[in-house]
Undergrad: 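One structure, as structure tokens, below. Some questions next.
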Amino acid sequence: MDYWKTMMRDATEFEIPEKRFQNAYRAGLVHVMLATRQREGKKYQTDGLPYPDFFLTSVPEMSMLYLSSGLSQYPKDLPIPGAIAQQQPDGLFYDVSVAHGQIIPATQGHILYSISMTAIFTQDKSFAEKVYPAIAKGVRYIEQSVNTDEYGLLPPCYAYDAEMISGHYTGQNLFALMGLRTAVRVAAMLGHADDVAAWTNLASRYEKNIL
């Protein structure tokens, strides 16, 4: 109990009349923090206690939970470095756990958003500069897809996981658009005016393609 009380000493507190909600929120945060693993000498974040693997699809929820809880170092230390480590040379954020060996853009927007929002939320410019190359590569992947796909979208996927759709996923593209827009804000924060202009134009074209 002392360990967790100390851990939560500087965390965000919500004071509302319903005590059970407050306790459930804290319990949820603790369970996410417990869902870390040690494998081959490396610590990494997982989806939860029943899930032994790291899913990039869950990084936005993990990151925003940590950020909104006042524990902003956690996304910088665990899920975000793990996601960047899986980025491919062409800029694809590759979700090893969900793709089953096939190259699909299931989490391009998820990770672009998570990295960018962590930089914006914390206003940590040294962190932003450190992750900016990964952001730029991620944006280039979207740009390449917008310029080459027949519909100007992310590449289609095979039927995987719960959705079981063969083709273009609306959710994936909406998340990628959100990630792209958030990346523009990081570029602006760091004073990269050329990227702000180019990525804003790309976001406008991409939005029209989605709609």
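Predicted, not measured: the structure shown is a model, and the values here were computed from it.
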Undergrad: So which atom in Ala176 and which in Tyr206 form the shortest heavy-atom distance, rounded to 0.1 Å?
TA: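 Answer, listing the atom of Ala176 first, then Tyr206: CB-OH, 3.5 Å.
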Undergrad: Around Tyr158, counting heavy atoms of other residues, nucleotides and ligands shown, do more than 12 lie under 6.0 Å from its OH?
TA: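 Yes - once you tally the heavy atoms of other residues, nucleotides and ligands closer than 6.0 Å, there are more than 12.
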Undergrad: Would you mind telling me which of Asn209, Leu154, Asn173, Leu180 makes a side-chain contact (heavy atoms from CB on, under 4.5 Å) with Val146?
TA: Asn209
Undergrad: Hey, does the side chain of Ser63 reach the backbone of Pro75 with a donor-acceptor pair shorter than 3.5 angstrom?
TA: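 No, Ser63 side chain to Pro75 backbone: no donor-acceptor pair under 3.5 Å.
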Undergrad: Measure the CG-CD distance between Leu202 and Glu143 for me, rounded to the nearest 0.5 Å.
TA: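 Those atoms lie 5.5 Å apart.
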Undergrad: Can you give me the closest heavy-atom contact between Ala188 and Val196, atom names plus distance?
TA: N-CG2, 3.4 Å
Undergrad: Taking all non-hydrogen atoms of both residues, which atom of Asp195 and which atom of Ala187 are closest, and how far apart?
TA: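 Asp195 and Ala187 have their closest heavy atoms at CB-CB, 4.1 Å.
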Undergrad: Using the ring of each side chain (for Trp, its six-membered ring), is Phe175 parallel, tilted or perpendicular to Tyr113, with breaks at 30° and 60°?
TA: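 Perpendicular: the ring planes of Phe175 and Tyr113 meet at over 60°.
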Undergrad: Count the heavy atoms of every other residue, nucleotide or ligand shown that sit under 6.0 Å from CG of Asn201, and state whether that count exceeds 12.
TA: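 It does: Asn201 CG has more than 12 such atoms within range.
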Undergrad: So which atom in Val186 and which in Ala128 form the shortest heavy-atom distance, rounded to 0.1 Å?
TA: CG1-CB, 4.2 Å
Undergrad: Is Met62 reachable from Phe55 through a run of hydrophobic residues whose side-chain heavy atoms are each under 4.5 Å from the next?
TA: no
Undergrad: Let me see the working for Leu153 and Tyr169 under side chain to side chain contact (heavy atoms under 4.5 Å, CB included), right down to the final yes or no.
TA: CA-CA 9 Å; Leu153 304 171; Tyr169 281 55; over 6 Å; no
Undergrad: Hey, which of Leu67, Ile115, Thr118 is the one that makes side-chain contact (heavy atoms from CB on, under 4.5 Å) with Lys76?
TA: Thr118
Undergrad: Between the side chains of Glu13 and Tyr25, is a donor N or O closer than 3.5 angstrom to an acceptor N or O?
TA: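 Side-chain D/A pair, Glu13 to Tyr25: absent.
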Undergrad: Can you name the closest pair of heavy atoms from Asp95 and Leu56 and give their distance?
TA: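 Reported closest heavy-atom pair: OD2-N, 2.9 Å.
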Undergrad: Closest approach of Val139 and Ala183, non-hydrogen atoms and distance?
TA: CG2-CB, 4.0 Å
Undergrad: Side chains of Asp124 and Ser126: is there a donor and an acceptor less than 3.5 Å apart?
TA: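 A donor-acceptor contact under 3.5 Å links the two side chains.
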Undergrad: Just wondering, are more than 12 heavy atoms of other shown residues or ligands nearer than 6.0 Å to CG in Asp194?
TA: no
Undergrad: Tell me whether the centres of the aromatic rings in His168 and Tyr151 are closer together than 6.0 Å.
TA: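 That pair passes the under 6.0 Å test.
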Undergrad: When rounded to the nearest 0.5 angstrom, what is the spacing between NZ in Lys137 and CD1 in Ile135?
TA: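 Here the interatomic distance stands at 12.5 Å.
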Undergrad: Supply the atom-to-atom distance Arg26 CZ to Ser69 OG, rounded to the nearest 0.5 angstrom.
TA: 8.0 Å
Undergrad: I'd like to know if Asp90 and Arg140 make a salt bridge, using a cut-off of under 4.0 Å between side-chain N and carboxylate O.
TA: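 The answer is no: the pair does not qualify as a salt bridge.
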Undergrad: Apart from Met189 itself, what residues make up its hydrophobic cluster when side-chain heavy atoms of I, L, V, M, F, W and Y under 4.5 Å apart count as a link, directly or indirectly?
TA: none
